[in-house]
Amino acid sequence: MTSVKSFSVSGYGPERSRVTRLFARDSPLRRLDWPILLSALALSFIGSLLVYSATRNRTAINQGDPYYFLVRHLMNLGIGFALMTGTLWLGHRALRNAVPVLYGVSVLGVLLVLTPLGATINGNRNWIVLGGGFSLQPSEFVKVAIVLGMAMLLSAQVDAGDRMYPDSRAVVQALGLAAVPIMVVMMMPDLGSTMVMTVTILGVLLASGASNRWIFGLLTVGVVGAVAVWQLHLLDTYQINRFAAFADPNLDPSGVGYNTNQARIAIGSGGLTGQGLFHGAQTTGQFVPEQQTDFVFTVAGEELGFAGSILIIGLIGVILWRACRIARESTELYSTIVAAGIVAWFSFQSFENIGMALGIMPVAGIPLPFVSYGGSSMFAVWTAVGLLQSIKVQRPVQA
């Protein structure tokens, strides 16, 4: 007896149903936060053009290959995107159970920097050289570990329904967890990463609903600690010189003030629309040091002008706006804290990087998220995007 295969009027049944499910309202693909994803991709690709422009003529560092840094930047982007996909696939809730392991690995990483495996670059001993032109900066991954670890401790009682806000014991445990890697990072010393981590901790505490006395107490300790570090001369000479140049850019224009002066000249010469991609005089003349990493924003200011700079800032703003929305709409405190911690991390790091290029913040040696060249930073920020996407996708669908 011959069987008859049935199919829908609108198309082939099984195949059509798969497509329908793929784009259904409750599909993970549909529930992704596309503004965050597209903005992060746009920043990364803009960054690749800026990195190429800043390094194509620098034969002293590109090993005679004008595409040396461009290829590696795109490779880092590919690995970062894979990390985002893996984080989304695992889910932030599954990673919550793995926080002790992730935290231990991240702390071990920064400790290894203090061993003979560590390398000093630009005055900071915060790198592990892997060979083949690649290096690892473990302090970037500590940012992810701090956000996840503090979120786990501060939300445990609240998500279990035992309390409305974390108690003092949970706050002390969370601060202790964050203090260990920060103390190691300060020993390197890596002042920029320490600043970012400190602001991230404040953002996490604010999002957790912890008592205001902890916030004011932490701010007080931070101010007292900063004064003590300065008075006891615990900063390295190059760090003191950076603050001195920030306070008075004309102090030593050919020495400690050179970077910030050249950065402002490059940005100021861009005008409204810039001198044109790959045509910046300061960039082509190699006047701005570390232009592919710490001072990548100067390439945008000179070659893309005010319009291109505002585009970059606007794309960062979209990511922060959507991340704030994810934090606000989350149904569990753990997810809210993770999203808010990422907002604090991204916002301050972006402000500090752009601010030091404009001369309104001291030079601290931190990359611009998604834009600057650097594998460790790229891996960390794309992992954070994966966490944001997981929180968005796994949120219950409203009827």
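Note that the coordinates shown come from a computational prediction; the quantities given were computed from them, not determined experimentally. Nothing fancy with the numbering, it's 1 onward along the sequence.
In terms of heavy atoms, Leu43 sits closest to Val371 at O-CG2, 3.9 Å. Closest approach of Gln157 to Ala170, counting heavy atoms only: OE1-CB, 4.4 Å. For the pair Leu88 and Leu32, the tightest heavy-atom approach, listed with the atom from each and the gap, is CD2-CD2, 3.6 Å. Leu358 and Ile267 get closest at one heavy-atom pair: CD2-CD1, 3.7 Å.
One hydrophobic cluster holds both Met195 and Met187 under the rule that ILVMFWY side chains link at heavy-atom gaps under 4.5 Å. Side-chain heavy atoms closer than 4.5 Å link hydrophobic residues (I, L, V, M, F, W, Y) into clusters, and following such links, possibly through other members, connects Leu388 to Trp34. Grouping the Ile, Leu, Val, Met, Phe, Trp and Tyr side chains by contacts below 4.5 angstrom, directly or via other members, places Phe379 apart from Val101. A single hydrophobic cluster is not seen to contain both Leu114 and Val105; linkage of ILVMFWY side chains at heavy-atom distances under 4.5 Å, directly or through other members, places them apart. Connection of Met84 to Ile79 is established within a shared hydrophobic cluster, with ILVMFWY side chains joined at heavy-atom distances below 4.5 Å, either directly or through further cluster members.
A cation-pi arrangement is found for Arg96 relative to Tyr334, the charged atom lying closer than 6.0 Å to the ring centre and inside a 45° cone about the ring normal.
No hydrogens or angles considered: a donor-acceptor pair under 3.5 Å links the side chains of Glu302 and Thr283. No side-chain N or O of His92 forms a donor-acceptor pair with one of Gln389 less than 3.5 Å apart. For the 3.5 Å distance criterion, the side chains of His279 and Thr284 fail to qualify, holding no donor opposite an acceptor. Ser269 and Gln275 form a side-chain donor-acceptor contact under 3.5 Å, judged by distance and modelled atom types alone. Defined by atom type and a distance below 3.5 Å, a donor-acceptor pair is present between the side-chain atoms of Gln291 and Thr298.
Contact check for Asn353 versus Met356: side-chain heavy atoms found under the 4.5 Å cut-off. In this structure the side chain of Ser376 reaches within 4.5 angstrom of the side chain of Leu136, judged on heavy atoms. No side-chain heavy atom of Met150 sits less than 4.5 Å from a side-chain heavy atom of Gln173. Between Asp294 and Val363, every side-chain heavy-atom pair lies at or beyond the 4.5 Å cut-off. By the 4.5 Å heavy-atom criterion applied to side chains, Ser309 and Phe297 are counted as neighbours. Counting heavy atoms from C-beta outward, Leu368 and Ile316 have side chains that approach closer than 4.5 Å. A 4.5 Å side-chain heavy-atom check between Tyr103 and Leu148 finds every atom pair outside the cut-off. A 4.5 Å side-chain heavy-atom check between Val385 and Phe370 finds at least one atom pair inside the cut-off.
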With side-chain contact (heavy atoms from CB on, under 4.5 Å) as the criterion, how do Val113 and Trp127 come out once you've worked through the C-alpha distance, each side chain's angles and the decisive distance to 0.1 Å?
CA-CA 6 Å; Val113 174; Trp127 300 88; over 6 Å; no
Evaluate Val107 against Val142 for side-chain contact (heavy atoms from CB on, under 4.5 Å), listing each step before the verdict.
CA-CA 7 Å; Val107 172; Val142 169; over 6 Å; no
Please step through side-chain contact (heavy atoms from CB on, under 4.5 Å) for the pair Leu202 and Leu219, ending with a clear verdict.
CA-CA 9 Å; Leu202 285 173; Leu219 289 173; 3.7 Å; yes
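In this structure, Tyr52 has its ring center no closer than 6.0 Å to that of Tyr373.
Interatomic distance, OG of Ser193 versus CD1 of Ile182, reported as 10.0 Å (0.5 Å rounding).
Residues Lys392 and Glu329 are not paired through a salt bridge, judged by the lack of any N-O separation under 4.0 Å between the basic side chain and the carboxylate.
Other residues sharing the hydrophobic cluster of Trp321, ordered by chain and number and joined by side-chain separations under 4.5 Å: Val318.
Applying the 6.0 Å contact sphere to CZ of Phe278 captures more than 12 heavy atoms from other residues, nucleotides or ligands.
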